[in-house]
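A quick write-up on the structure given underneath.
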There are 2 protein chains.
Amino acid sequence: MFTNVLRYLNSDQISDLEQNKFNVSFSQGETIFKQGAPMTHIIVIDKGLLKVYLESGLRHSIILRLLKSGEIAGGPGFHTDYRHHFSLMALEDTELTFIDINKFESFILDNSIFALEFIAYLNKAHISFYDKLKTIQHKQMNGRMAATLCYLSDNIYKSNNFETNLSRQDIADMSAMTKESAIRILKNFKDSGIIECENNTFNILNKDSLMDIFENG
Amino acid sequence: MFTNVLRYLNSDQISDLEQNKFNVSFSQGETIFKQGAPMTHIIVIDKGLLKVYLESGLRHSIILRLLKSGEIAGGPGFHTDYRHHFSLMALEDTELTFIDINKFESFILDNSIFALEFIAYLNKAHISFYDKLKTIQHKQMNGRMAATLCYLSDNIYKSNNFETNLSRQDIADMSAMTKESAIRILKNFKDSGIIECENNTFNILNKDSLMDIFENG
DNA sequence: TTGTTTCATTGACATTTATCATACCTCTAC
DNA sequence: GTAGAGGTATGATAAATGTCAATGAAACAA
């Protein structure tokens, strides 16, 4: 039934969850929660695509990752300060399941297999963040943009040809640069024949070359 | 007895741990484990100071944090790929307790309070990590160096006047810049009367000013 | 002693990246 | 239609930061 860590819940817990969860729809562009707000629920993505991003000051935000159907939006506020440490916004029309955080906590206390697997889920996210940190700090703009395009094609859209609701600003925020720089680099990739991009449609023509740019510069 | 998350173990588990743990000493500069190596133990720092750092390619490394007495070095390889995702090196002569990873996993499976508190421990690390990402991406060099000096004085040495084994390269790796830039900025801070620094001795003369540079500069 | 190594320092310079200004679309509202 | 808003695109310029080279200082071995 569940494709995520919730599949480790036992049958009692699943029926408990069925009775207590509730579902909410969001339209493209709507904010699910804001960084700093109290954390009252764990969220499961049933349908759609969302961006997880850090806000700091008046400047740009940092897009940490995208969440798609089947994934969970918890957050490090769980059992610490019970606040959200990132903001969550729908990139497409989205359907979500909200699980009360006390309920979620009781699942962990009553089911140690689930607890262990939830730890593994957190650790996997942590591994990705280490990779992101390495990319941001050690790669230049071309490499960072290549990383973003590979992430989108490999992890999100699972195709070399995809249409996206991400704006140029979003793509810049994923790649740790300004939108002007992002636009320039996309144009370079286009002129080099590595990608085609027209408005919101991207087509990766030469994935090997893109991978090479990601690896080596 | 324990000042960290291990205090949530029950008495049976603590006596089990006492019989199965083992202690190892490391000298300054010695590596405890390397990124990529198999993860066989969880490590508790009994005494000393260590640096947790990411290695990527031939270039600089990234120092994620320092670990001091009472803290735990787990890592996101736990219950995922059982590999280390960062390297760990002693900055001072250090005494460590090694806990077998299977034993640690059984503690989680047998004690859900411990599991929940371990999740909280991971989440707190995750929150710091978000802060680090924001600092690296949105602050310029002065701000990043101020952050490092505040971290050292507030979290590690708990004094405005401290002696450290960190090299200039280490301080640069904590601040996401080259060692030349780190040296230049330290000199600027020195010339501005914000700090004194002579070899390995640092004295923060104007903490308010340093905080201001961290916030706004 | 001398040579060697490692780290710290400094300056000149090059590169990377952001900022600013402007123009051009494509919507939508009126 | 037309004006405004928001996103996209492009060029000129400035700022931030890294690279390279050279020197000095301290530690240490032969």
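Letters go in sequence order (proteins before strands), and every chain restarts at 1.
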Would you kindly give the CD-to-C1' distance between Q28(B) and dT6(C), to the nearest whole Å? 14 Å
Nearest-angstrom distance from the residue atom CD of E198(A) to C1' of dG7(D): 15 Å
So, do R65(A) and Y151(A) sit near enough that their side-chain heavy atoms are less than 4.5 Å apart? yes
Measure the acute angle between the ring planes of H79(A) and Y82(A), then classify it against the limits of 30° and 60° as parallel, tilted or perpendicular. perpendicular
Taking only distance into account, with no hydrogens and no angle test, what donor-acceptor pairs under 3.5 Å do side-chain atoms of residues 41-51 of chain B form with protein atoms, sequence neighbours excluded?
from	atom 1	to	atom 2	distance (Å)
D46(B)	OD1	T97(B)	OG1	3.4
D46(B)	OD2	N23(B)	ND2	3.4
D46(B)	OD2	T97(B)	N	3.4
D46(B)	OD2	T97(B)	OG1	2.6
K51(B)	NZ	D170(B)	OD1	2.7

Contact state string [nucleotides 7-17 of chain C, B base, S sugar-phosphate only, - no protein heavy atom under 4.0 Å]: -SBBBB---SS
Extract all donor-acceptor atom pairs below 3.5 Å that involve side chains of residues 197-208 of chain A and protein atoms in other chains or at least two apart in sequence.
from	atom 1	to	atom 2	distance (Å)
N203(A)	ND2	E196(A)	OE1	3.4
N206(A)	OD1	D208(A)	N	3.4
N206(A)	OD1	S209(A)	N	3.0
K207(A)	NZ	S153(A)	OG	2.9
K207(A)	NZ	D154(A)	OD1	2.7
K207(A)	NZ	N160(A)	OD1	3.4

Between the side chains of K134(A) and E55(B), is the shortest nitrogen-to-carboxylate-oxygen separation below 4.0 Å, so that they form an ion pair? no
